[in-house]
Amino acid sequence: NAGVTQTPKFRVLKTGQSMTLLCAQDMNHEYMYWYRQDPGMGLRLIHYSVGEGTTAKGEVPDGYNVSRLKKQNFLLGLESAAPSQTSVYFCASSLVEGGRHGYEQYFGPGTRLTVT
Amino acid sequence: GESVGLHLPTLSVQEGDNSIINCAYSNSASDYFIWYKQESGKGPQFIIDIRSNMDKRQGQRVTVLLNKTVKHLSLQIAATQPGDSAVYFCAELTSGSARQLTFGSGTQLTVLP
């Protein structure tokens, strides 16, 4: 199993440009999440999904949109990028219940985004 | 020590010594806690978890202690190795929060030769 994968790994955007980050998981997890991580800080939840076709806002949703058309994929979109969105973006997934590790979230390797 | 909100940025230990990383949490309704390790340029990796009905849980070379009275969590790493150098995050899950973990700011552990 590849676990959680993210594309692209790096991206540089100009202010006002748009892009989509793709997250894929092959563990048949119901829950998926998008976080951002800024220097010296922990992860902050942007949006999450509790199942195919559903999405919900997290702690810092403004400026982002998401879609979960397929269970294994979770897309994060930036419609008009701003320098404040320069960050490292992590996707994660988890089981609804149970499993050896309870509610453990499995993370992807991250996407480093710079907005100039 | 680290807290969900405040953090101790760095901790340096000699190779072979034990490390203790602390975390304070503020939500008394949190009932599940996880420690993650994040190496440079990588995503967070699960280390160990603990439910609120437990005080202690042990893994391979790691132990998590939970003190609900003072809302404090600690991660102990025995015989710290160079490969343990990373940022360590604690995260809490609050009952009814749709599996939303709240992460602390992290502690950078540096293992000295």
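Chain letters run A, B, ... following the sequence lines, proteins first, then strands; residues in each count from 1.
Between chain B and the residues Gly110(A), Gly42(A), Pro109(A), the largest count of heavy-atom pairs under 4.5 Å involves Gly42(A).
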Before you tell me yes or no, could you show the steps for Tyr48(A) and Phe74(A) under ring pair (Phe, Tyr, Trp, His ring centres under 6.0 Å), namely the whole-Å CA-CA distance, both residues' side-chain angles and the distance that decides it to 0.1 Å? CA-CA 9 Å; Tyr48(A) 65 98; Phe74(A) 195 29; 8.7 Å; no
Show your reasoning for whether salt bridge (charged side-chain N to carboxylate O under 4.0 Å, His left out) applies to Lys71(A) and Glu30(A). CA-CA 7 Å; Lys71(A) 185 177 181 179; Glu30(A) 289 293 332; 2.9 Å; yes
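With values rounded to the nearest 0.5 angstrom, Ser49(A) atom OG is found 10.0 Å from Leu69(A) atom CG.
For chain B, the nearby parts of Leu43(A) are the backbone and the side chain; heavy atoms of each come within less than 4.5 Å. Contacts of Gln38(B) with chain A are made by side-chain atoms alone, with heavy-atom separations under 4.5 Å and no backbone atom involved. For a residue to count as touching a neighbouring chain, one of its non-hydrogen atoms must lie under 4.5 Å from one of that chain's; by this rule Gln6(A) does not touch chain B.
Among Ile48(B), Asp55(B), Ile34(B), the one residue that satisfies the side-chain contact (heavy atoms from CB on, under 4.5 Å) test with Val64(B) is Ile48(B).
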